[in-house]
K.L.:
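Got a structure for you, written out below as structure tokens; questions coming shortly.
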Amino acid sequence: MRRRWMSAVAVTVAGLLTLTACGDGGGSAQSPQADAAKKVEVFSWWTGPGEADGLKAMKEIFEKQNTGLTFFDAAVAGGSGDKARALLATKLQADTPPDTFQGHAGAELQGYIKAGDLESVNFLYDELKLRDVFPQQLVDQISVDGQIYSVPVNIHRSNVMWFSPVVLKEAGVTEVPATIEDFVAALEKVKQKGKVPLSIGSEWTVVHLLESVLLGSLGTEAYNRLWTANSDWSGPAMTKALNDFKTIMSYAGDPQDDWQPAAKQVADGEAGFTIMGDWAYGYFHNPPDGGLGKTSKTDFDWAPAPGTGGTFMWLSDSFTLPKGAPNRDGAVAWLKVAASKEGQDAFNPKKGSIPARKDADASLYTDYLADALKDWGSNKLAGSIQHGVTVNDAWRTAINEAVGLFQQSQDVAALQTALAEAAKNSGQ
Ligand code: GAL
């Protein structure tokens with residue numbers, strides 16, 4: 001099977017003081033040095049409902065296999081990790097890295113590599129023969145000059161339209177919208193019924209929506225060209241795509257605090273649609289101690305975001321070995337679990353993702369996840385913007401700022417100019 005791959009903070013320091021890690025490593029009666037050797041600080045942004053379940057499943061395997069080590073959860077709350085990455089940037093700058101941190105395969109990871117923040121993990125790929133189990137194209141996304149810099153734990157899909165079958169029925173939407181035009185017609189019908197047509201969360205969820213609208217409106221080839229020397233950010237196709245975005249956004253409800261409350265509006269039958277990555281599946285489906293315990297096809301259903309059928313917009317979470325990790329051996333032990341079939345098969349069904357490994361146990365991936373596995377193996381590919389595949393942190397920040405301003409101004413021409421500038425200045 002042939003696949004085409006795309007290679008993919010102005011976060012103020014203010015507010016960082018309020019960011020707290022969830023550390024649950026606990027203390028012990030031993031000396032501080034002995035504690036440090038035991039504790040493995042794992043930095044991510046998987047604190048919220050749905051997200052935390054996958055991490056917990058992998059933590060349990062880690063602690064079972066490494067009785068001398070304690071997992072220290074340094075997760076920083078906030079979907080998509082914008083807040084976590086801001087704190088991480090200050091830690092890396094101060095040479096006080098965590099033992100391992102989550103970074104997206106693609107341009108985001110390449111940024112850490114170029115900055116010299118990461119150690120090569122070729123030794124691990126050699127020891128565990130990992131080159132045989134990960135798709136070569138994925139390894140390319142996390143490599144520079146033959147050195148590999150992370151361990152990918154999953155593949156997520158960004159371009160998923162989640163919807164409430166109950167709300168759609170009430171509104172008389174009889175066909176799941178497959179095109180942007182049909183989507184807008186369906187949004188209008190839901191609006192007429194007095195329900196929220198499209199739920200959104202905090203700012204990043206709007207950029208997440210934008211990437212699906214760009215893909216659906218421009219088509220896969222033109223979308224993938226945006227990240228090459230032949231990009232066209234200023235032409236009429238982009239103007240049309242941004243007008244589509246404006247129309248769709250005119251049906252958005254009040255912004256919720258993050259992606260979970262926005263997704264919950266759909267699962268509770270208060271909203272018709274939300275466009276969100278498939279971490280939403282873990283949240284909908286997992287039992288109520290972490291998820292919503294909802295019933296697939298009854299409380300929620302899914303389809304590719306309008307206009308994107310046949311294309312899998314991908315992203316991949318991967319774990320790194322930062323230079324100067326205080327507990328390097330502990331970090332390597334974590335990476336071994338993250339790389340393993342057992343670790344990936346425990347993590348992914350809970351996380352709402354499919355494994356990065358090619359040899360995982362397919363029988364564990366049922367319902368939505370079976371669809372994802374099938375599409376991953378057969379669809380065209382495109383890289384996510386918001387989740388670090390196609391753009392590095394600086395470029396993503398510029399896109400986020402442009403979209404934030406657009407939410408105030410509703411000025412499509414200004415948005416297009418700002419996006420074209422961001423691309424020009426990206427230096428990527
Ligand atoms: C993405 C990340 C996913 C999920 C999502 C929402 O950036 O790759 O694993 O956590 O954010 O928080």
Side-chain angles (χ1 to χ4, degrees), residues 49-50 79 157-217 240-285 288 291-309 352 367-368 371 403 406-408 410 412:
R157 185 174 194 168
S158 154
N159 61 322
V160 190
M161 176 178 72
W162 302 97
F163 56 93
S164 160
V166 181
V167 173
L168 264 55
K169 189 156 179 235
E170 269 170 27
V173 178
T174 49
E175 299 258 320
V176 178
T179 64
I180 288 184
E181 215 182 5
D182 291 349
F183 186 42
V184 172
L187 290 168
E188 180 59 33
K189 284 188 178 168
V190 176
K191 183 179 171 187
Q192 296 300 328
K193 271 284 158 191
K195 292 277 167 88
V196 175
L198 177 69
S199 61
I200 57 166
S202 45
E203 270 187 17
W204 74 265
T205 71
V206 178
V207 177
H208 185 103
L209 170 68
L210 173 66
E211 67 185 33
S212 268
V213 176
L214 291 181
L215 181 66
S217 184
K240 159 131 193 359
L242 296 178
N243 275 308
D244 286 342
F245 175 61
K246 180 177 181 179
T247 305
I248 290 167
M249 273 300 288
S250 73
Y251 289 97
D254 291 338
Q256 306 295 297
D257 279 350
D258 207 331
W259 68 268
Q260 288 99 336
K264 190 166 186 299
Q265 288 185 312
V266 172
D268 288 348
E270 290 165 18
F273 298 92
T274 196
I275 306 273
M276 188 39 61
D278 48 10
W279 40 91
Y281 178 72
Y283 177 51
F284 289 144
H285 172 81
L292 293 175
K294 295 285 183 178
T295 306
S296 150
K297 303 282 175 187
T298 304
D299 300 320
F300 69 95
D301 204 344
W302 60 87
T308 72
D367 199 30
Y368 165 79
D371 282 3
V403 172
F406 171 77
Q407 280 186 268
Q408 308 299 319
Q410 297 294 303
V412 165

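Model, not experiment: these values are computed from the prediction. Counting from 1, the numbers follow the sequence of the chain as shown.
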K.L.:
Is there a donor in the side chain of D371 and an acceptor in the side chain of W302, or the other way round, less than 3.5 Å apart?
P.N.:
yes
K.L.:
Might you confirm whether atom CG of D367 has over 12 heavy atoms from other residues, nucleotides or ligands at distances under 6.0 Å?
P.N.:
yes
K.L.:
Hey, does the side chain of Q265 reach the backbone of V196 with a donor-acceptor pair shorter than 3.5 angstrom?
P.N.:
no
K.L.:
Parallel, tilted or perpendicular for F284 and W162, by the 30°/60° rule?
P.N.:
perpendicular
K.L.:
Can you check whether S202's main-chain N or O pairs, donor with acceptor, with T205's side chain at less than 3.5 Å?
P.N.:
yes
K.L.:
Counting only N and O atoms by type, is there a donor-acceptor contact under 3.5 Å from the side chain of Q256 to the main-chain atoms of D254?
P.N.:
yes
K.L.:
Tell me if a side-chain donor or acceptor on D278 pairs with a main-chain N or O of R157 at a distance below 3.5 Å.
P.N.:
yes
K.L.:
Could you tell me whether K294 and D268 have a side-chain N and a carboxylate O separated by less than 4.0 Å?
P.N.:
yes
K.L.:
When the aromatic ring centroids of F406 and F245 are compared, is their separation below 6.0 Å?
P.N.:
yes
K.L.:
Between T274 (side chain) and S199 (backbone), is there a donor-acceptor pair under 3.5 Å?
P.N.:
yes
K.L.:
Please tell me whether Y251 and F273 form a close aromatic pair, meaning their ring centres lie under 6.0 Å apart.
P.N.:
no
K.L.:
Is the H208 ring parallel, tilted or perpendicular to the W204 ring (thresholds 30°, 60°)?
P.N.:
perpendicular
K.L.:
Donor-acceptor check, side chain of W259 to backbone of A280, threshold 3.5 angstrom: yes or no?
P.N.:
no
